[in-house]
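Single-structure report; data block below.
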Amino acid sequence: MKILVPVKRAIDYKVTIRVKPDGSGVDTDNVKMSMNPFDEIAVEQAVRLKEAGQASEVVVVSIGSPKAEDTIRTAMAIGADRGMLLTHDTAVEPLAVAKLLVKLVEEEQPGLVILGKQAIDNDANQTGQMLSALLGWGQATSAAELVVDGDSATVTSEIDGGLQKLRLTLPAIVTTELGLNQPRNATLPNVIKAKKKPLDVREASSLGVDLDPRLKVTKVTEPPARKSGIQVNSVEELVAKLRDEAQVL
Ligand code: AMP
């Protein structure tokens, strides 16, 4: 079974986000970019399934800037076998990403597509669900555990207030939650090996999918600055402040 893992190049999660002065978006100039953390977990899970003999090949794909080659090489250093880069010079929205992935699924015929549950730049949490609907495949989102057994997969999903166990018939779509695994650090020999792994680069527009944006960002704003805290001298004073000033009691 082949596993397809879409990986997005996003602003590194440790970077303090700067909103552009005109409110049109987030400043990405000279900002560290990395693989979306949920996608790193997806790659790790796919590689573990291959190591356990349950997958034959792990193929990663990234859609966007040519610089996403770095993201694909990182995935290969974790253990992915092969990469595909679909270049496009503007951001590609989740629906268009899902439609491009449909084309790649038709080409590659994977038994499982493991995506991140969301990209931390847009927090959309849409692509896996849209891909599942477009393909008519079963899906399990926010996977905290994934067990493959023959032609089915059992996924424990994190849902509000608990866990839900789902059995999916393969091929299927799974999206990852943070607790699914702890991705390994790529070793230097594996980083060097990754440079030689096959990478197929194409223009996203060559796949015959409408990539025009359907969404318009009207304004991006910083969250209100947090007020600095104060120290109180007693529980009584704390309760009085919560009651009279914060009015939360
Ligand atoms: P989103 O729906 O945008 O929150 O993204 C959910 C998941 O879809 C991500 O964690 C990735 O696995 C995948 N994805 C979204 N955008 C891209 C992209 N441009 N390239 C590759 N994978 C993507």
Side-chain angles (χ1 to χ4, degrees), residues 3-13 25-26 28 33-47 58-76 78 80 82-105 107-108 110 112-135 137 139-144 146 155 157-158 172-181 183 199-207 209-215 217:
I3 304 180
L4 182 67
V5 186
V7 294
K8 187 174 188 186
R9 178 177 181 265
I11 293 184
D12 188 274
Y13 75 97
V26 165
T28 52
M33 306 291 281
S34 298
M35 192 188 315
N36 180 45
F38 291 100
D39 304 352
E40 222 174 311
I41 293 168
V43 175
E44 173 69 34
Q45 198 62 32
V47 171
V58 177
V59 184
V60 289
V61 53
S62 196
I63 299 155
S65 151
K67 292 184 185 151
E69 175 172 348
D70 290 351
T71 314
I72 293 175
R73 295 283 173 209
T74 304
M76 288 168 164
I78 295 172
R82 181 158 70 77
M84 290 186 286
L85 173 58
L86 300 181
T87 57
H88 197 62
D89 47 16
T90 54
V92 185
E93 290 174 0
L95 180 58
V97 171
K99 287 181 177 172
L100 290 168
L101 293 175
V102 168
K103 299 279 180 192
L104 297 181
V105 164
E107 281 178 19
E108 296 285 339
L112 194 57
V113 184
I114 311 181
L115 305 92
K117 84 162 180 187
Q118 71 193 70
I120 61 164
D121 49 5
N122 58 14
D123 272 354
N125 193 336
Q126 295 172 357
T127 309
Q129 294 88 327
M130 286 173 167
L131 179 62
S132 152
L134 290 170
L135 289 169
W137 289 8
Q139 63 167 322
T141 53
S142 304
L146 165 61
V155 176
S157 289
E158 284 190 14
I173 311 289
V174 173
T175 72
T176 61
E177 186 49 84
L178 287 179
L180 181 61
N181 62 49
L199 173 62
D200 171 45
V201 185
R202 278 181 275 175
E203 288 197 7
S205 58
S206 69
L207 273 73
V209 166
D210 175 8
L211 301 172
D212 287 344
R214 286 162 166 70
L215 308 171
V217 175

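Computed over heavy atoms, backbone and side chain alike; hydrogens, waters and symmetry mates excluded. Numbering of ligands and ligand atoms starts at 1, following listing order.
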So among Leu95, Ile63, Val105, which one has a side-chain contact (heavy atoms from CB on, under 4.5 Å) with Leu100? Ile63

Which residue and non-hydrogen atom of the protein lie closest to atom 12 (O) of ligand 1, and at what distance in Å? Pro6 O, 2.8 Å

Those atoms of ligand 1 less than 4.0 Å from some heavy atom in Ala119: 1 (P), 3 (O), 4 (O), 5 (O), 6 (C)

Polar proximity ligand 1 side, Val61 side, N/O cut 3.5 Å exclusive: no

Identify the protein heavy atom lying closest to atom 6 (C) of ligand 1, giving its residue, its atom name and the separation to 0.1 Å. Gly116 O, 3.5 Å

Determine whether a donor-acceptor pair (N or O, by modelled atom type, separation under 3.5 Å) exists between the side chain of Glu93 and the backbone of Leu215. yes

Main chain of Ile120, side chain of Asn36: is a donor-acceptor contact present, judged purely on distance under 3.5 Å? yes

Suppose we measure from atom 16 (N) of ligand 1 to each protein heavy atom; which comes out shortest, and what is that distance? Lys8 CD, 3.5 Å

Strictly distance-based, threshold 3.5 Å: is any side-chain N or O of Thr71 a donor or acceptor partner for the main-chain N or O of Met35? no

Pair Glu158 + Lys117, salt bridge at N-O below 4.0 Å: no

Nearest non-hydrogen contact with atom 11 (C) of ligand 1 belongs to which option: Asp39, Val5, Leu86, Asp121? Asp39

Ligand 1 versus Asn122: contacting region, heavy-atom distance under 4.0 Å: side chain

How does Val7 reach ligand 1, by side chain, by backbone, by both or by neither, if only non-hydrogen atoms under 4.0 Å count? backbone

If I apply the N/O under 3.5 Å rule, does Ile63 come out as touching ligand 1? yes

Mark up the atoms of ligand 1 that fall under 4.0 Å of a heavy atom belonging to Asn125, in ascending order. 1 (P), 2 (O), 4 (O)

Are Asn125 and Thr141 packed together at the side-chain level, in the sense that at least one heavy-atom pair is separated by less than 4.5 angstrom? no

Per-atom contacts, ligand 1 versus Ala124 - under 4.0 Å to a heavy atom: 1 (P), 2 (O), 3 (O), 4 (O)

Provide, to 0.1 Å, the distance between atom 14 (N) of ligand 1 and the closest protein heavy atom, together with that atom's residue and name. Val97 CG1, 4.2 Å

Arg73/Glu69 salt bridge by N-O under 4.0 Å criterion: yes

May I ask you to decide if Val7's main-chain N or O and Ser62's side chain share a donor-acceptor pair within less than 3.5 Å? yes

Applying a 4.0 Å heavy-atom criterion (strictly less than), which segment of Leu115 is in contact with ligand 1: side chain, backbone, both, or neither? both

Taking heavy atoms and a distance under 4.0 Å, where does Thr127 meet ligand 1: side chain, backbone, both or neither? both

Could you tell me whether the side chain of Thr74 and the main chain of Asp70 form a donor-acceptor pair under 3.5 Å? yes

